[in-house]
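So the structure is just underneath, and the comments pick up after that.
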Protein chains: 2
Amino acid sequence: MNDELLTIRQMCEKFGVTPRTLRFYEQKELLAPLRKGQTRLYTRRDRARLKLVLQGKRFSFTLEEIRRLLDLYHVGDQQYTQYKATYELALKHLAELEAQRAELDRAIADLKEQLAWGARKLAELERLQNAGAAE
Amino acid sequence: MNDELLTIRQMCEKFGVTPRTLRFYEQKELLAPLRKGQTRLYTRRDRARLKLVLQGKRFSFTLEEIRRLLDLYHVGDQQYTQYKATYELALKHLAELEAQRAELDRAIADLKEQLAWGARKLAELERLQNAGAAE
DNA sequence: AAGAAAGTTGACGTTTGCGTCAAGTTCGAC
DNA sequence: GTCGAACTTGACGCAAACGTCAACTTTCTT
């Protein structure tokens, strides 16, 4: 029941992506749907992989990195070293994400400060504005 | 003393950017240095504007947005409405930055969870590895 | 059987912020 | 006067992740 084949449209709805995206991912070797004639048919495996791809994107992995990770996941042999590599890549990414967050925090703090300043100036201008209108 | 004119190189060193960047900004109408013959000469005003540009970039404003903001700052007339527009654009941006941060936080949390799972699996694989080597 | 709906490939376009030549001018130094 | 350093414009390149045609073929519906 869980291994029905989905057409490209069905995939798109299920995952909220466009056909172009799926074909693009296929070209990048992230997916490898079956073919019935011309038509692509997506298997349970493709769905699992696409799910991982979309997750990876949330973590700001590039598609190329995701491809390498997916390749690692399913080779089966020498699991240890390869899994470890995957794990460490993810760790590195985590560090980057946290650095990004820190920088973002700084930017937000600075911008807020500027805005406080701006709000005061704005109030001042508003007074002048009203004074002018009152004459 | 503060109104000396800087050459492009001096500007680059002062702000840590490349000549290409300064010319690019000029093309985008973010800067408007004087000319002495062919050579660009950057005024105090240019330095102030560049400083704002670089700040704006930290806040993830695009160069185009920054240009609009800079234009607003220096028109002089009808300060109130224009300053208000600037202020509100900045507020909007702040909201976006905070949304970004929230999403980033979620991504970090999720990735950490995955990593915890991964660490367990890794430990398991390591046991198998050692067991295999021990025979 | 005929038309519509869905699928296909291929190729070029978009966005942002510069990098990287290439080829030419100008300037001060010696 | 001539060399080299610094400056100039112009144009193309790049990276990522698709969007957007165009021109077909296939498949479903009636």
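All of these numbers come straight from a predicted model, not from anything done at the bench. Proteins come first, then strands; the chains are lettered A, B, ... in the order of their sequence lines, and each starts at number 1.
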_Restricting to ring-ring contact (aromatic ring centres under 6.0 Å, His included), what partner residues turn up for F61(B), sequence neighbours left out?_
H93(B)
*When the distance from CD of E26(A) to P of dG10(C) is rounded to whole Å, what number comes out?*
12 Å
Between the protein and nucleotides 3-7 of chain C, are there any N/O to N/O pairs under 3.5 Å, and if so, what are the atom names and distances?
| unit_1 | atom_1 | unit_2 | atom_2 | d |
| --- | --- | --- | --- | --- |
| dG7(C) | OP2 | R9(A) | NE | 3.0 |

*Whole-Å distance between dC18(C) C1' and L31(B) CG?*
14 Å
*Per T21(B) side chain, nearest of listed nucleotides dT9(C), dG19(C), dG17(C)*: dG19(C)
*Tell me, please, the opening and closing nucleotides of DNA chain D, 5' to 3', among those with an atom under 4.0 angstrom from a non-hydrogen atom of chain B.*
dC7(D) to dA11(D)
*Would E88(A) and K92(A) pass as an ion pair if we require N to O under 4.0 Å?*
no
*Who pairs with T18(A) by side-chain hydrogen bond (donor to acceptor under 3.5 Å, both in side chains), at least two apart in sequence or on another chain?*
T21(A)
*Applying ring-ring contact (aromatic ring centres under 6.0 Å, His included), which residue pairs with at least one partner in residues 30-56 of chain A are found, sequence neighbours left out?*
none
*asked:* I need the residues from residues 53-62 of chain A with at least one non-hydrogen atom less than 4.0 Å from DNA chain C; give them sorted by number, or say none.
replied: none
_Integer-rounded Å distance: dA11(C) P and R20(A) CZ_ = 12 Å
*5' precedence on DNA chain C between T18(B) and L41(A) (nearest-nucleotide basis)*: L41(A)
*Atom pair CE (M11(A)) and CG (L31(A)), whose distance is rounded to the nearest 0.5 Å*: 6.0 Å
*Would you please name every residue forming a side chain to side chain contact (heavy atoms under 4.5 Å, CB included) with E29(A), sequence neighbours left out?*
R67(A)
*Quick one: pull up CZ in R49(B) and CD1 in I66(B) and give me the separation to the nearest 0.5 Å.*
11.0 Å
_Atom-to-atom span, CD1 of I66(B) to C1' of dC18(C) - whole angstrom_ = 14 Å
_I need the full list of salt bridge (charged side-chain N to carboxylate O under 4.0 Å, His left out) pairs touching residues 97-106 of chain A, with sequence neighbours left out, sorted by first then second residue._
E98(A)-K112(B), R101(A)-D105(A), R101(A)-D105(B), E103(A)-R106(A), E103(A)-R58(B), D105(A)-R101(B)
_Distance check, rounded to the nearest 0.5 Å: Q100(B) atom CD versus S60(B) atom OG?_
5.5 Å
*Round to a whole Å and report the spacing from CD of E65(B) to P of dT15(C).*
15 Å
*Return the set of residues passing side-chain hydrogen bond (donor to acceptor under 3.5 Å, both in side chains) with T43(A) (not counting sequence neighbours), or none when no residue passes.*
D46(A)
*Taking only heavy atoms on the protein side, list every residue of residues 90-98 of chain B lying under 4.0 Å from any atom of DNA chain D, sorted numerically.*
none
_Summary of salt bridge (charged side-chain N to carboxylate O under 4.0 Å, His left out) pairs that have at least one residue in residues 12-24 of chain B, sequence neighbours excluded_ = none
*side chain to side chain contact (heavy atoms under 4.5 Å, CB included) against R35(A), all qualifying residues, sequence neighbours excluded*: E26(A), R40(A)
*asked:* Working to the nearest 0.5 angstrom, can you tell me the gap between T62(B) OG1 and R68(B) CZ?
replied: 6.5 Å
*CZ of F24(A) versus P of dG13(C): gap in Å, rounded?*
17 Å
